[in-house]
Amino acid sequence: MKRAISISLGSSKRDKKVIVKFKGEEIEVERVGTDGDAEKARRMYLDLDGKVDAFGVGGVDLYLRLDDREYPLNAALKLVQGVTRTPLCDGRGLKHTLERRVFELGRQELGDVHFKQAFVPVAVDRAGLAEAVAEVSDRIVIGDLMVALGVPIPLYGIPAYKRVARIMLPIVSHFPLSMIFYGSDGAEKEPKYVKYFEGSDLLAGDFLFMRKYMPARLDGKTVVTNTTTEDNIKLLLERGVRTIITTTPRYEGRSFGTNMLEAAVTAYAGKGRRLTDAELNVLIDEIGLKPSVIQA
């Protein structure tokens with residue numbers, strides 16, 4: 001049986017192991033969190049290199065993509081330095097294929113959706129999703145400067161985001177691990193940027209970034225996010241969310257991150273390397289990968 005393992009800097013409370021089937025072939029999929037212990041994660045990568053079919057890199061991105069250019073995150077790359085035999089999947093492939101197509105792939109359950117305003121707390125790690133959201137929204141507010149850097153300036157529209165990203169990404173490449181690690185447990189802070197949450201009928205982006213500042217009530221809203229556990233779904237429903245779209249399928253009650261799913265698909269393909277966007281799009285259709293949709 002092929003094996004894909006995601007080694008994450010995130011919380012071990014979110015660990016899970018399941019067997020998934022792609023066209024009848026079983027793949028063992030496991031997520032292992034190291035609770036922010038970078039050295040432990042590095043040892044695991046080196047110990048398992050060549051012993052599993054694909055690695056998911058969780059909690060950090062190795063590269064951030066803007067249009068056709070990729071910017072390395074040097075601190076994250078040090079985590080996997082020395083890994084030479086097992087393909088490394090940080091999820092950026094699926095973020096620009098599966099997530100970019102989320103409304104197309106979910107159309108059977110969602111229909112043709114349209115929103116007045118969307119709020120994306122952080123787009124830099126999910127630019128494909130932000131572009132998909134912009135296509136179904138009259139207006140999109142992007143909060144990277146606010147949420148990621150603490151600069152209280154919202155960005156309106158994808159062109160404005162890209163102008164800022166072209167300036168910032170070469171700098172972000174050199175950020176220390178403490179600034180690019182998402183966090184180990186997703187614990188909530190005090191609500192912040194509430195007017196953008198409340199003024200938007202669509203909220204989209206990484207769940208941990210979203211949960212960090214979201215208000216107590218989200219009545220009637222649609223949320224597009226990733227890596228949701230049963231507790232995460234319960235939390236969103238309790239706050240009044242009407243529709244929850246998780247960009248990756250659910251297996252035994254939870255979805256895995258794009259890095260984990262990309263590792264599973266990479267293991268299934270058996271090429272011994274990361275897959276291109278074109279290859280991923282073919283496999284998305286071949287395997288039948290679709291977002292999961294929960295309606296309140």
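Checked against Asp277 for a side-chain hydrogen bond (donor to acceptor under 3.5 Å, both in side chains), the options Arg100, His96, Arg65 give a single hit: Arg65. With Thr222 as the partner, the side-chain contact (heavy atoms from CB on, under 4.5 Å) test is satisfied by one option alone out of Ile245, Asp201, Ile244, Val241: Ile245. Just one of Tyr193, Tyr196, Tyr156 meets the ring-ring contact (aromatic ring centres under 6.0 Å, His included) condition when paired with Phe119; it is Tyr196. Checking each of Arg242, Met214, Met210 against Val223 for a side-chain contact (heavy atoms from CB on, under 4.5 Å) leaves exactly one that passes, namely Met210.
Between the side chain of Ser200 and the backbone N or O of Leu203, no donor-acceptor pair lies under 3.5 Å. A distance-only check finds no donor-acceptor pair linking the side chain of Thr86 to the backbone of Ala54 [under 3.5 Å]. Between the Ser8 side chain and the Val32 main chain, no donor and acceptor come within less than 3.5 Å of each other. Using a distance-only test at 3.5 Å, with no hydrogens or angles considered, a donor-acceptor pair links the side chain of Ser11 to the main chain of Lys13. Judged by distance alone, with hydrogens and angles left aside, the side-chain atoms of Thr276 form a donor-acceptor pair with the main-chain N or O of Glu279 at under 3.5 Å. The main-chain N or O of Phe207 is found under 3.5 Å from a side-chain atom of Asn226 such that the two form a donor-acceptor pair. Judged by distance alone, the side chain of Lys95 and the main-chain N or O of Ala127 form no donor-acceptor pair under 3.5 Å. Of the possible donor and acceptor atoms, one in the side chain of Asp49 sits under 3.5 Å from a partner among the backbone N and O of Thr84. In terms of modelled atom types and a separation under 3.5 Å, the side chain of Asp53 and the main chain of Ala4 share no donor-acceptor contact. Between the Thr225 side chain and the Gly205 main chain, a donor and an acceptor come within less than 3.5 Å of each other.
Side-chain contact check for Asp144 versus Val164: every heavy-atom pair is 4.5 Å or farther apart. For the pair Tyr213 and Pro191, the minimum side-chain heavy-atom distance is 4.5 Å or more. Here the side chains of Ile5 and Leu48 are in contact, with some heavy-atom distance below 4.5 Å. Inter-residue side-chain proximity for Val18 and Lys16 is flagged as met; some heavy-atom pair is nearer than 4.5 Å.
Under 4.0 Å is where a charged nitrogen must lie from a carboxylate oxygen, and between Arg239 and Asp219 no such pair does. Salt bridge status for Glu262 with Arg274: present, with a side-chain N to carboxylate O gap under 4.0 Å. The residues Glu30 and Arg3 are annotated as salt-bridged, a charged nitrogen and a carboxylate oxygen being separated by less than 4.0 angstrom. The existence of a salt bridge linking Asp61 and Arg92 is excluded, since no basic side-chain nitrogen approaches an acidic carboxylate oxygen closer than 4.0 Å. Between Glu190 and Lys212, no side-chain nitrogen of the basic residue sits less than 4.0 Å from a carboxylate oxygen of the acidic one, so the salt-bridge criterion is not met.
Hydrophobic clustering keeps Leu261 apart from Ile233 (ILVMFWY residues linked when any side-chain heavy atoms are closer than 4.5 Å, directly or through intermediates). Put simply, Met260 and Ile19 are part of two different groups of oily side chains (I, L, V, M, F, W, Y) that touch within less than 4.5 Å, one to the next. In this structure, Met146 is a member of the same hydrophobic cluster as Leu64, with clusters built from ILVMFWY side-chain heavy atoms closer than 4.5 Å. Met44 and Val29 fall into different hydrophobic clusters, where Ile, Leu, Val, Met, Phe, Trp and Tyr side chains are chained together by heavy-atom contacts under 4.5 Å. Grouping the Ile, Leu, Val, Met, Phe, Trp and Tyr side chains by contacts below 4.5 angstrom, directly or via other members, places Val122 apart from Val194.
Between the side chains of Asn281 and Arg101, at least one donor-acceptor pair of N or O atoms lies under 3.5 Å. Thr228 and Arg250 share a side-chain donor-acceptor pair at under 3.5 Å. Checking Ser12 against Asp35 by side-chain atom types alone, a donor-acceptor pair falls below 3.5 Å.
Ring planes of Tyr251 and Phe256: tilted class, angle from 30 to 60°. Tyr45 and Phe55 have perpendicular rings, their planes meeting at more than 60° on a 0 to 90° scale where under 30° would count as parallel.
Leu98 and Ile284 get closest at one heavy-atom pair: N-CD1, 3.6 Å. Residues Ser255 and Thr246 come closest through the heavy atom pair OG-CG2, 3.2 Å. Closest non-hydrogen pair, Ala269 versus Leu283, comes out as CB-CD1, 4.0 Å. Contact record, Ala130 with Ile140: O-CD1, 3.6 Å, taken as the closest heavy-atom pair. Summarising the geometry of Ala204 relative to Pro121, their closest heavy-atom pair is O-CD, 3.2 Å, with the distance given to 0.1 Å. In terms of heavy atoms, Gly33 sits closest to Asp15 at N-OD1, 2.7 Å.
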Query raised in the report: What's the verdict on side-chain contact (heavy atoms from CB on, under 4.5 Å) for Val60 and Leu73, showing C-alpha distance, side-chain angles and the deciding distance?
Result: CA-CA 9 Å; Val60 291; Leu73 294 180; 5.9 Å; no
Report task. Carefully, step by step, assess Glu131 and Arg126 under the rule salt bridge (Lys or Arg N to Asp or Glu O under 4.0 Å). Result -> CA-CA 9 Å; Glu131 290 181 334; Arg126 317 198 92 82; over 6 Å; no
Query raised in the report: Under the salt bridge (Lys or Arg N to Asp or Glu O under 4.0 Å) criterion, do Arg42 and Asp47 qualify, and how do the steps go?
Result: CA-CA 9 Å; Arg42 177 166 166 71; Asp47 289 346; over 6 Å; no
Query - salt bridge (Lys or Arg N to Asp or Glu O under 4.0 Å) assessment of Lys17 paired with Glu252 - result: CA-CA 9 Å; Lys17 182 194 288 188; Glu252 297 184 15; over 6 Å; no
Report task. Under the side-chain contact (heavy atoms from CB on, under 4.5 Å) rule, what do Thr227 and Leu208 come out as? Steps first, then yes or no, please. Result -> CA-CA 9 Å; Thr227 324; Leu208 294 184; over 6 Å; no
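Summarising the geometry, atom NZ belonging to Lys2 is positioned 8.0 Å from atom OH belonging to Tyr268; distances are rounded to the nearest 0.5 Å. Rounding to the nearest 0.5 Å gives a distance of 8.0 Å between CG of Leu155 and CD1 of Ile153. Rounding to the nearest 0.5 Å gives a distance of 8.5 Å between CG of Leu289 and CG of Leu105. Taken from CG in Leu94 to OG1 in Thr248, the straight-line distance is 9.0 Å, to the nearest 0.5 Å. Within the model, atoms NZ of Lys162 and CD1 of Ile142 stand 10.0 Å from one another, a figure rounded to the nearest 0.5 Å. A distance of 9.0 Å separates CD in Glu39 from CG in Leu79, rounded to the nearest 0.5 Å.
Heavy-atom neighbours of Tyr63 OH from other residues, nucleotides or ligands within 6.0 Å: at or below the threshold of 12. The environment of CD in Gln108 is sparse: at most 12 heavy-atom neighbours from other residues, nucleotides or ligands sit within 6.0 Å. In the displayed structure, Lys221 atom NZ is contacted under 6.0 Å by more than 12 heavy atoms of other residues, nucleotides or ligands.
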